[in-house]
Amino acid sequence: VQKIAYLLVKAGIIKGLPFNYYLRGPYSPDLLRSLEDTAEYSALDEKVVSEMRGAEVSLSGEDEERFQRVMALLKKHDWNSEWLELFTSALFFAELEPDPRNPNWRRVEHVLAFKKNVKKDLAQEIVREVQDCIKKSLFAL
C-alpha cells in the first residue's frame with residue numbers, strides 16, 4: 001500500500017502525502033496512521049460493505065488516464081512486491097539528487113544496487129524504466 005500510494009503521489013493523483021525513505025523504500029507515517037485508524041473500524045456490517053462496493057471515485061480525465069497508466073505498470077510487473085520496492089526506491093533516490101530535474105542516473109543506479117543489494121544490470125534495468133516513465137510524464141520528481 002505504501003509503494004502504490006507513493007506512485008500515485010508521484011503521478012500527481014494523490015496530493016499532500018509526504019514520504020520518507022525506510023528499509024523497504026518510500027514510506028509515509030501519515031499513511032500508516034490513516035491505515036491504522038481504518039483498521040480500528042474493521043468490524044463493518046453487511047450494509048456498510050454494500051455501500052462501499054457501490055461507491056465511485058471520481059477523477060478528472062487526466063488523473064483517470066494517469067491512474068490507469070499506473071495500474072497498467074503494476075499489472076505489467078504482476079504486482080510483484082520486490083519489483084515495486086526497487087522501482088519506487090529508484091524513483092525516490094532520483095528525487096533526492098541535488099538537481100532532481102536532471103538526476104545523475106548512474107549515481108541512482110549505484111545507490112539502488114548498493115542499498116538493495118541487487119546486481120548492476122537489474123539496477124540499470126529498473127532505472128531505465130523509471131527514466132522512461134518520467135520521460136512519458138507518468139511520474140514527476
Side-chain angles (χ1 to χ4, degrees), residues 1-46 48-141:
V1 171
Q2 290 276 349
K3 307 314 175 262
I4 293 168
Y6 177 72
L7 290 180
L8 295 175
V9 166
K10 300 294 29 168
I13 297 165
I14 295 176
K15 307 216 184 333
L17 188 59
F19 279 82
N20 302 318
Y21 194 79
Y22 194 62
L23 295 173
R24 297 226 172 252
Y27 167 82
S28 172
D30 292 350
L31 178 57
L32 179 62
R33 277 190 291 282
S34 293
L35 293 170
E36 287 172 341
D37 290 346
T38 302
E40 291 177 16
Y41 299 102
S42 61
L44 302 174
D45 64 28
E46 188 175 327
V48 172
V49 171
S50 294
E51 289 172 0
M52 289 171 62
R53 282 189 189 133
E56 291 185 27
V57 175
S58 179
L59 298 172
S60 71
E62 189 176 305
D63 284 348
E64 177 64 30
E65 186 267 334
R66 277 196 313 274
F67 178 79
Q68 292 304 325
R69 289 173 57 203
V70 171
M71 293 300 106
L73 180 65
L74 293 168
K75 288 176 189 175
K76 172 184 170 187
H77 292 281
D78 297 322
W79 296 79
N80 181 285
S81 61
E82 291 174 30
W83 172 86
L84 189 56
E85 179 182 331
L86 293 173
F87 185 87
T88 56
S89 292
L91 188 58
F92 193 91
F93 297 153
E95 189 174 21
L96 291 178
E97 281 290 298
D99 181 4
R101 291 167 305 193
N102 187 24
N104 180 334
W105 291 108
R106 292 200 33 81
R107 184 170 36 222
V108 172
E109 287 173 13
H110 291 301
V111 172
L112 182 65
F114 175 75
K115 283 227 179 243
K116 295 301 181 181
N117 194 27
V118 297
K119 293 183 179 180
K120 184 179 177 180
D121 60 335
L122 177 57
Q124 288 173 337
E125 180 183 320
I126 294 288
V127 167
R128 275 193 301 271
E129 192 161 20
V130 168
Q131 287 176 294
D132 187 51
C133 289
I134 291 170
K135 182 179 166 186
K136 292 179 179 174
S137 300
L138 179 54
F139 302 118
L141 298 178

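None of these values were measured; they are calculated from a predicted model.
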query = Taking Arg66 for the side chain and Ala11 for the main chain, is one N or O donor matched with an acceptor at less than 3.5 Å?
reply =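 It does hold such a pair.
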Between [X] and [Y], what is the shortest heavy-atom contact and its length?
X	Y	answer
Val130	Phe87	CG2-CE1, 3.5 Å
Phe139	Leu7	CE2-O, 3.4 Å
Tyr21	Ser89	OH-OG, 2.9 Å
Lys116	Leu23	NZ-O, 2.8 Å

Are [X] and [Y] ion-paired here, with the side-chain N under 4.0 Å from a carboxylate O?
X	Y	value
Lys3	Glu85	no
Lys135	Asp132	no
Asp99	Arg101	yes
Glu109	Lys120	no

task = Let me know which of Leu31, Thr88, Val1 forms a side-chain contact (heavy atoms from CB on, under 4.5 Å) with Tyr6.
result =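 Looking at Leu31, Thr88, Val1, the match for Tyr6 under the side-chain contact (heavy atoms from CB on, under 4.5 Å) is Thr88.
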message = Are more than 12 heavy atoms, taken from residues, nucleotides or ligands other than Lys75, located less than 6.0 Å from that residue's NZ atom?
response =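 12 or below, so no.
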His77-Glu82 side chain donor-acceptor pair, cut-off 3.5 Å =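 Judged by distance alone, the side chains do not pair up.
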